[in-house]
S.K.: 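The structure is given below, and queries will be raised subsequently.
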Amino acid sequence: MSTVPRFEHGSRVPGWDAPADLEKDPAEIPDPAETPVPPDLRSEIEAHMANYPDRHSAALPALAAAQRLHGWCSPEAIDQVACVMRVTPAYLDSVATFYDMLETAPVGAHSVYVCTNISCSLCGADELLETIRRAAEAHPSELNVRAFECLGACDIAPMASVDGVYVGPLGAEDVPQLLDDILAGGPILPDKQLARRRVADPRANTEDYPLHPPEHEREGS
Amino acid sequence: VAAPAATPMLLLADIDEPGLCTLEVYERRGGYRSLRKALAMEPQEVLEQLKGSGLRGRGGAGFAMGTKVSFLPKGSMEKYLVCNADESEPGTFKDRELMQKTPHTLIEGIVIASYAAGTSKAFIYIRGEYVLQADILDRALREARAAGYVGENVLGSGHSLSLVVHRGAGAYICGEETGLLDSLEGKRGNPRLKPPFPAIQGLYQGPTLINNVETLTTVPSIIAMGAEEYAKLGVETSTGTKVVSVSGHVQRPGNYEIELGIPSREIIYGLAGGPPEGREIKCWFPGGSSSPVLLAEDLDVPYDFNSLAAAGSMLGSGAIIVVDDSTPILDVAMKTAKFYRHESCGKCTPCREGTNWTVKMLERIDAGEATPMDLDIMASVQEHIIGNCLCVLGDAMAMPIGSMIAKFREELEAHMEAARIRAGLDGSGASDSALAAQGALAEPPGTLLGGDGAGDQAPGAHEGAPGTHRGGA
C-alpha cells in the first residue's frame, strides 16, 4: 500500500523525504514563443476558458483535454496547458496530482477502472480485478487497469468502466471477451453496457419499453 | 413482504420511454410546462412554493431546499447556482439514472430554481467518471438553448441564465459543497472553513446556491402539482418521493422510487427482493457508506429523515447497501475505512491521520496482532474525528466504523482471536514459522531491503503516501 520506500520491518528508507532539487528556480509561465501548442488543443482550452468568469476554472477540462492528446499529464502536456491558460506549471501540477483520473505517469492507452468499493466487492469485485489484472499483464502499453472507488453503478456490480463505458455485471468468464473488445477497438461488451439497462423499479414504466441502444449506437456519440 | 402499493411516480415515471432524453419527446410529455408556469409567477411566489413543499435536499444533508434558496442575499451582485452532480457516495447511483434518462427535467429544475434565487449563472458539476451522462447533458443543454429555455431572456420573461456542464476528474471530496466550489474554481478540491456558508460567499466569492441533482429534478413536479399537493406525499418532516438506490446482497439491485416514510423492509424485501435464498441480513447502510449501519431488527424503521436519525443512523443520499451473513464485518469495515483514507484530502489532521490509523488497526486485527483493547482505541479515534474537521468526510468514516465496533464487537473479537491463533501469536507456540518471521526484526536492516529498496511500492508509485497526497487505491 505504502508508496514510500521502506525496510521490511516498516521503517522508512533514509532519504525518502529528500527534496529533488532545492536550488532549482521555479518554472514560470511558459513563453508562447517557445512552447508549441497543437492548434486543436489550444482552441479547446480557450473554449473552456470562455465558459467561466475566471479562467482558472478551466484547469480540469484543459488538463483532461491535454491528457487525451498526450496519454497522460506529461511535463510537455502541462507546459502546453500552462502556456494557453497563463498559469504556472506548478499550479497545474498541484491540480493534476489531486484527481484520480488525471495520470501523472505514463499509462496504458485504454483505462480500465474496476470498482472495488463496498457494493461491488460484496459481489466479487476483488476477484474480478485480479482476473483482469492477470489477463492484462501481456498488454502493458495498451491497458491501464486500476482499482477504482465507487463508480456509481452498484446496480451492475461488479463492474468496470472502460474508457468511460460502464459494463457489468462482470464475471471471470467475461474477461477474455472484454479484453478482446478493448484491443480490437470495437464496442465494449454491448450486451453488458449500463447504457442499455432499464430502471429496476417495475412500477416506473407503464409500457414494456425496448432496451436502450448501447453507447456506440447512440445518436451523436 | 409486499412491494408498497400505489406510489406516485414523480421522477421515474416512464423513464425508459425511448427518446426521453431528447427535447422532442420531453416536450410531448409536457416538459417545460412547469418552467412556463413558474415564469408567470413572481420569483418570491416560486420560492414560497419550494418552501411550502417541504422538499429536503436529496444529496445527503437533508437541508430544506426552500430555506436554502431564501438564504441567498437580495441585491444586484453576481449570484450562482451549482448543481452537485458529483455523485460519489458509495452505493448511490440515482442521479446517474436521472441525468442519463431525463436530463431535461434537471435542466428545467435548474432554470426554475435560478429564477427563484435570482441567479444568472449556473453550473452542473458532474463527476468525471460519468462520461455518458455528461455527454447526454451537453446535448440536452444545446437543445434547451436553441429552444430558448436557457440563455438570455428565457421565454421572454426577462430572466437570463447561462448554464455550463463542468466535468470533474475523480475525487469523492468534490461532492462536499465547499470542496466542489474549490474544484470548480480550478483548484484542488479542499473544503473551506464554514461560515461563511456558500449561500453568502461561495463560488468566486459570490452568493451560491448548491443543490443535488435529485433535488433540482424534483422542482418541476412541485411547480406542476403545487406545493400543497406535494407536501401531502410522504410524512410531515420528510415530504415527497425519493429515489432509493439499493445494492449489495439483494436479488434485484437498482433504483426505486418510494414515498418517504414507508417501512425499510418494504424497500429491501418488497422491491429489491431481499438477500439471496438462504441468507439473512447481517447489517445494512441506510444512506450510503457514510451512514451508521443498522441491523436486521431495524428493518421496520420508517424510511424517512427523522425516523432514521432516531434509529441512530441517517437517510443520507438514500442509498441502501445490504450486507448478508456470508460476509465478515471486518471486510466491510476495511473497505469502508480504506475508501475514506484514499479520499481524505489531507487538509485536516483528525481526518487525514484518523482514517489512516483506522485502516492500520483493522489490518492488525486481520493479521492477528490486535488485542481487544485495540477496539477501544479504534472507537476513541472515531470519536476524536467527529466534529473536528472542516468537512464531514472524516465523520463519514467515523460514524459507520464506530457503529460497527459497537454493534459487532463480539464478532470482531472472535475474528481477532482466530487470527491470533492462525498467526501463532496466542502464546501456544502453534506456529513457529510466524515467530521466526518476528525474529527477522533482529537482522540488520541492510539485508532486509527488498531489491532496489522500493520492493513494497504499489503500482502507481508516483502517487504519494496515503492521506498526505493521494495514495493508490
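We name chains A, B, ... by the order of the sequence lines, and we start the count at 1 in each one.
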S.K.: Between A:Pro53, A:Cys123, A:Cys150, A:Ser57, which residue shows the highest count of heavy-atom pairs closer than 4.5 Å to chain B?
M.R.: A:Ser57
S.K.: With a 4.5 Å cut-off on heavy-atom pairs, point out which of B:Gly189, B:Ser289, B:Gly128, B:Ala319 contacts chain A the most.
M.R.: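 Option with the greatest count: B:Gly189.
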S.K.: If we only count heavy atoms from C-beta on, is the A:Ile118 to B:Phe285 side-chain gap below 4.5 Å?
M.R.: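 A:Ile118 vs B:Phe285: side chains touch.
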S.K.: Non-hydrogen atoms of chain A under 4.5 Å away: do they reach the side chain of B:Ser88, the backbone, both or neither?
M.R.: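 It is the backbone, since no side chain atom gets that close.
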S.K.: Return the minimal non-hydrogen interatomic distance between B:Gly248 and A:Leu122, and the atom names on each side.
M.R.: CA-CD1, 4.0 Å
S.K.: Would you sort out whether B:Arg252 and A:Asp155 count as a side-chain contact (heavy atoms from CB on, under 4.5 Å), showing the intermediate values?
M.R.: CA-CA 8 Å; B:Arg252 294 188 294 275; A:Asp155 43 349; over 6 Å; no
S.K.: Identify whether the distance between the nearest side-chain nitrogen and carboxylate oxygen of A:Asp126 and B:Lys335 falls below 4.0 Å.
M.R.: yes
S.K.: Examine whether an atom of B:Leu203 lies under 4.5 Å from a heavy atom of chain A, and if so say whether it belongs to the side chain, the backbone or both; otherwise answer neither.
M.R.: neither
S.K.: Nearest 0.5 angstrom please: A:Asn117 CG to B:Phe339 CZ, how far?
M.R.: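 Going from the CG atom of A:Asn117 to the CZ atom of B:Phe339 covers 5.5 Å.
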S.K.: Report yes if some heavy atom in the side chain of B:Asn255 is under 4.5 Å from a heavy atom in the side chain of A:Asp201; otherwise report no.
M.R.: no
S.K.: Decide yes or no for B:Gln100 and A:Leu194: does some side-chain heavy atom of the first lie under 4.5 Å from some side-chain heavy atom of the second?
M.R.: yes
S.K.: Look at the side chain of B:Arg188 and the backbone N and O of A:Ser94, then say whether any donor-acceptor pair between them is shorter than 3.5 Å.
M.R.: yes
S.K.: Name the option with the most non-hydrogen atom pairs under 4.5 Å to chain B; the candidates are A:Tyr209, A:Tyr91, A:Tyr166.
M.R.: A:Tyr209
S.K.: Taking side chain as everything from C-beta outward and backbone as N, CA, C, O, which of these in A:Ile156 sits under 4.5 Å from a heavy atom of chain B? Side chain, backbone, both or neither.
M.R.: neither
S.K.: If I measure from the heavy atoms of chain B, does A:Ala153 come under 4.5 Å with its side chain, its backbone, both, or neither?
M.R.: both
S.K.: Among residues two or more places apart or on two chains, list those pairs meeting ring-ring contact (aromatic ring centres under 6.0 Å, His included) that have a residue in residues 105-139 of chain A.
M.R.: A:Tyr113-A:Phe148
S.K.: Find out whether A:Cys154 and B:Ser245 are in side-chain contact, i.e. whether some heavy atom of one side chain is under 4.5 Å from a heavy atom of the other.
M.R.: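 The answer is no; the side chains never approach within 4.5 Å.
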S.K.: Which pair of heavy atoms, one from B:Lys101 and one from A:Arg197, lies closest together, and at what distance?
M.R.: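 Minimum heavy-atom separation between B:Lys101 and A:Arg197: NZ-O, 3.0 Å.
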S.K.: Using non-hydrogen atoms only, which part of B:Ser183 is less than 4.5 Å away from chain A: side chain, backbone, both, or neither?
M.R.: both
S.K.: Taking side chain as everything from C-beta outward and backbone as N, CA, C, O, which of these in B:Leu184 sits under 4.5 Å from a heavy atom of chain A? Side chain, backbone, both or neither.
M.R.: both
S.K.: Where is the tightest heavy-atom contact between A:Ala200 and B:Gly254, given as atom of each residue plus distance?
M.R.: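 That would be CB-CA, 3.5 Å.
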S.K.: Does A:Leu151 reach the side chain of B:Tyr130, with side-chain heavy atoms less than 4.5 Å apart?
M.R.: no
S.K.: What part of B:Glu97 is in contact with chain A, defined as an atom under 4.5 angstrom from a non-hydrogen atom: side chain, backbone, both or neither?
M.R.: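 For B:Glu97, the side chain is the part near chain A, not the backbone.
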S.K.: A:Tyr52 vs B:His166 aromatic rings, parallel, tilted or perpendicular, using cut-offs 30° and 60°?
M.R.: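 Answer is perpendicular, since the angle exceeds 60°.
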S.K.: Sort out for me which of B:Arg127, B:Gln133, B:Arg167, B:Met334 touches chain A most, counting heavy-atom pairs under 4.5 Å.
M.R.: B:Arg127
S.K.: More than 12 non-hydrogen atoms from neighbouring residues, nucleotides or ligands closer than 6.0 Å to CD on B:Glu78, yes or no?
M.R.: yes
S.K.: Taking side chain as everything from C-beta outward and backbone as N, CA, C, O, which of these in B:Arg96 sits under 4.5 Å from a heavy atom of chain A? Side chain, backbone, both or neither.
M.R.: side chain
S.K.: For the residue pair B:Asp16 and A:Val199, establish whether any side-chain heavy-atom pair is separated by less than 4.5 Å.
M.R.: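 They are in side-chain contact.
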S.K.: Do B:Glu17 and A:Glu207 come close enough that some side-chain heavy atom pair is under 4.5 Å?
M.R.: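 B:Glu17 vs A:Glu207: side chains apart.
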S.K.: Report which part of B:Tyr204 has an atom under 4.5 Å of a heavy atom belonging to chain A: side chain, backbone, both, or neither.
M.R.: side chain
S.K.: Tell me, out of A:Gly152, A:Ala59, A:Ala64, who's got the most heavy-atom pairs with chain B below 4.5 Å.
M.R.: A:Gly152
S.K.: Going by heavy atoms in the side chains, are B:Met9 and A:Arg203 under 4.5 Å from each other?
M.R.: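 They are in contact (side-chain heavy atoms under 4.5 Å apart), so the answer is yes.
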S.K.: Over all heavy atoms of both residues, which pair between A:Leu60 and B:Gly168 is shortest? Give the atoms and the distance, please.
M.R.: CD1-CA, 4.0 Å
S.K.: Measuring heavy-atom distances to chain A, does B:Val246 have an atom under 4.5 Å in its side chain, in its backbone, in both, or in neither?
M.R.: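 For B:Val246, no heavy atom lies under 4.5 Å from chain A.
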S.K.: Give, for atom CD of B:Glu129 and atom CE of A:Met101, the distance between the pair rounded to the nearest 0.5 Å.
M.R.: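 Here the rounded value is 5.0 Å.
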S.K.: For B:Lys94, which atoms come within 4.5 Å of any heavy atom of chain A: side chain, backbone, both, or neither?
M.R.: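 Contact with chain A is absent: no heavy atom of B:Lys94 under 4.5 Å.
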S.K.: Mind listing the closest non-hydrogen atom pair of B:Ala171 and A:Tyr99 along with its distance?
M.R.: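 For B:Ala171 versus A:Tyr99, the nearest heavy atoms are CB-CD2, 3.8 Å.
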S.K.: Taking every non-hydrogen pair under 4.5 Å, which of B:Val323, B:Leu132, B:Thr327 racks up the most with chain A?
M.R.: B:Leu132
S.K.: Identify which of B:Val243, B:Val359, B:Ile15, B:Val250 forms the greatest number of heavy-atom pairs closer than 4.5 Å to chain A.
M.R.: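 The answer is B:Ile15.
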S.K.: Relative to chain A, which segment of B:Glu89 carries a heavy atom at a distance below 4.5 Å: side chain, backbone, both, or neither?
M.R.: backbone
